[in-house]
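For reference, the structure discussed in these notes is given below.
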Amino acid sequence: MSTGKTLLALALSALLPASAAWSANNDTLIYCSEASPESFNPQIASSGPSFVASSQVLYNRLINFDPVKNTPIPSLATEWKISPDGLTYTFTLRQGVKFNSNKFFKPTRDFNADDVVFSVLRQKDADHPYHNVSQGSYEYFHDVGLDSLIKEVKKVDDYHVQFVLNEPNAAFLADWGMDFASILSAEYADAMLKKGTPDNVDNWPIGTGPYALQQYKVDSLIRYIANPNYWDGEVPTKHLIFSITPNVQTRLAKLQTNECQIIPAPSPVQFAEITKNKDLTLHKVDALNVGYLAFNTEKKPFDNVLVRQALNYATDKQAIIKAVFLDSGTVAKSPIPPNMLGFDKNLKDYTYDPEKAKALLKQAGLEKGFEATLWSMPVQRPYNPNSRRIAEMIQSDWAKVGVKAKIVSYEWGEYLSGMRKGEHDTALFGWMSDNGDPDNFAGTLLGCGSIKSGSNAARWCNKEYDGIVKKALLTSDPAKRAALYGQAQEIYFQQAPWIALANGKTFYATRSNVTGYSVSLMGSDFSKTKIN
């Protein structure tokens with residue numbers, strides 16, 4: 001457990017009695033979360049459970065995404081205009097939007113342009129008084145290149161904000177629907193800075209979202225209360241509780257006994273048990289994601305492309321899909337999901353060929369094999385529903401070609417932190433789309449600039465690949481963008497920084513009397529959820 005998370009938990013749990021009773025009823029919805037959040041500020045978080053607990057409950061963004069078309073639709077911005085040269089974006093902001101309040105602060109005004117400018121400059125400007133609060137690294141903001149892309153952000157008037165870019169960027173609009181783009185209160189930030197307690201902005205957040213934070217007990221529960229003035233309509237369920245339950249079997253047990261009404265990411269082996277229970281409903285959503293094993297290309301012998309190619313040939317991906325995913329996923333061959341712009345359906349893949357793997361290892365001077373660690377995720381995801389089982393199958397496959405993999409795992413926050421620092425030899429990881437744009441995969445996961453921020457788990461920098469992906473971002477024509485991503489994927493195949501494992505579907509389960517809850521590209525939406 002990190003010191004920061006411990007202090008955050010103590011600060012928040014002190015605000016309500018630890019013994020406060022809670023139970024499921026029509027006014028209380030209990031969600032079995034997979035892990036504790038890294039932070040309640042989505043600008044400085046990077047994991048799915050953190051975003052569900054923060055940006056998807058407490059905040060809103062300038063845009064949202066159509067759940068079917070995955071195209072931008074209004075949220076805190078009601079409309080936007082783009083200049084003919086693609087360099088200036090002007091957003092018209094929604095009026096009458098109320099911020100939540102807490103025991104430290106009560107807002108005196110509605111949401112306006114000052115809040116947008118603050119939320120951007122905190123991440124962009126290293127001299128901003130909030131830039132170093134909570135030791136924020138603003139991983140996503142940097143990964144998508146907004147620090148260098150945005151030339152200027154300015155308030156035109158209370159309800160118009162203008163962004164001026166240094167160059168055109170085909171993904172810029174979609175970026176403002178991502179979790180890190182949540183809008184914080186500038187008025188709250190100013191007040192806390194004057195009081196000398198700026199950390200309150202992150203530890204005890206105030207947003208415009210459907211719920212406000214009440215209590216957090218680390219690795220136990222998070223308690224929220226509905227925003228009575230939510231701009232997008234009445235929130236039907238007054239109380240929302242996250243029961244933090246990392247174990248997938250325990251989550252299902254809690255669902256069965258009505259201790260939770262919603263669980264994310266049930267294991268495929270649980271599907272039959274859920275569907276035969278009349279009190280439960282299994283839900284499936286098509287998703288944009290990829291699960292993979294990343295080689296740390298900064299470490300020997302994974303700096304050798306022959307070794308990376310060999311272990312691709314040594315891994316029986318079809319067997320993994322059959323044994324672990326059942327009907328919930330398909331074999332992946334690219335960093336870009338197959339139902340996304342730019343995916344090259346003709347891209348080659350590595351077949352399962354242990355003899356070819358042995359020949360490549362011999363060519364690399366490693367005929368007798370070697371030893372390495374294989375990091376296994378402690379959480380379940382649509383792209384990896386059983387990380388331990390996948391790790392064991394890979395371990396077994398590699399042993400057949402003389403490579404001894406030691407499986408290790410850590411608490412989720414420690415896992416993410418260690419991987420960002422490059423402590424792993426190889427690591428199972430994955431990605432779910434934030435904005436429906438191919439750069440969110442091709443650039444964010446494998447771009448040279450993403451090594452420093454940590455989202456490039458392979459720590460792989462290929463200048464030719466990087467240049468092509470950057471060129472694609474400057475290209476607005478979809479067909480030309482797709483062609484460029486095709487070129488990038490061919491380089492990816494030859495260089496093999498990953499073993500692309502699977503594209504999974506998103507599953508979740510609810511009690512059958514729960515309605516209105518939805519999961520989409522933007523994650524979880526509790527704002528319309530009812531218990532009937």
Side-chain angles (χ1 to χ4, degrees), residues 290-325 329-338 343-367 369-377 383-384 387 389-405 407 424-431 441-442 445-446 456-462 464-465 486 488-504:
V290 62
Y292 57 89
L293 180 135
F295 300 113
N296 187 341
T297 61
E298 291 181 345
K299 287 187 175 182
K300 292 184 178 299
F302 304 107
D303 59 340
N304 188 330
V305 67
L306 296 175
V307 173
R308 303 195 299 266
Q309 290 175 344
L311 293 182
N312 265 274
Y313 281 117
T315 304
D316 190 347
K317 299 196 294 186
Q318 291 284 356
I320 290 171
I321 295 297
K322 183 177 180 180
V324 179
F325 286 81
T330 56
V331 170
K333 61 179 180 178
S334 164
I336 297 176
F343 173 75
D344 181 2
K345 63 181 181 181
N346 297 316
L347 183 69
K348 292 174 288 187
D349 195 10
Y350 290 89
T351 57
Y352 177 52
D353 190 340
E355 295 307 313
K356 178 71 171 176
K358 290 177 183 177
L360 287 168
L361 288 173
K362 182 177 182 180
Q363 190 178 341
L366 293 167
E367 185 176 4
F370 59 91
E371 296 181 3
T373 57
L374 196 170
W375 286 28
S376 173
M377 296 163 54
Y383 53 73
N384 189 330
S387 184
R389 178 65 177 133
I390 291 175
E392 288 170 349
M393 293 184 73
I394 293 172
Q395 180 187 52
S396 176
D397 285 342
W398 289 4
K400 295 171 186 174
V401 299
V403 176
K404 296 180 180 179
I407 299 172
H424 58 293
D425 293 335
T426 68
L428 289 168
F429 203 49
W431 196 255
F441 288 83
L445 302 184
L446 290 167
N456 184 340
R459 306 183 74 81
W460 175 70
C461 178
N462 181 283
E464 184 181 5
Y465 174 95
Q489 285 165 91
E490 181 59 34
I491 296 170
Y492 159 86
F493 169 76
Q494 296 294 341
Q495 290 293 311
W498 294 353
I499 300 174
L501 293 170
N503 303 115

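A donor-acceptor pair under 3.5 Å is absent between the side-chain atoms of T351 and the main chain of D353, judged by distance alone. D397 places a side-chain N or O within 3.5 Å of a backbone atom of D316 that can act as its donor or acceptor partner. Side-chain N or O atoms of Y350 include none that pairs as donor or acceptor with a backbone N or O of L311 at under 3.5 Å. Distance alone, capped at 3.5 Å, places no donor-acceptor pair between the K348 side chain and the F493 backbone. With hydrogens and angles ignored, the 3.5 Å screen pairs no side-chain donor or acceptor of K400 with any backbone N or O of A314. In terms of modelled atom types and a separation under 3.5 Å, the side chain of K356 and the main chain of Q309 share no donor-acceptor contact. The backbone N or O of A405 lies less than 3.5 Å from a partner atom in the side chain of Q395, making a donor-acceptor pair.
In this view, T297 satisfies the side chain to side chain donor-acceptor pair (under 3.5 Å) rule with no residue, not counting sequence neighbours. Every residue meeting the side chain to side chain donor-acceptor pair (under 3.5 Å) condition with Q494, not counting sequence neighbours, appears here in chain and number order: E490.
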Quiz item: What's the verdict on side chain to side chain contact (heavy atoms under 4.5 Å, CB included) for D344 and Y492, showing C-alpha distance, side-chain angles and the deciding distance?
Solution: CA-CA 12 Å; D344 181 2; Y492 159 86; over 6 Å; no

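Note on ring orientation: taking the six-membered ring where Trp is involved, the planes of F429 and Y292 are perpendicular (angle over 60°, cut-offs 30° and 60°). A parallel orientation is assigned to the rings of F302 and F295, their planes being inclined by less than 30° (bins at 30° and 60°).
Pairs passing the salt bridge (Lys or Arg N to Asp or Glu O under 4.0 Å) check and including a residue from residues 291-314, sequence neighbours excluded, read E298-R459, K299-D425, K300-D303.
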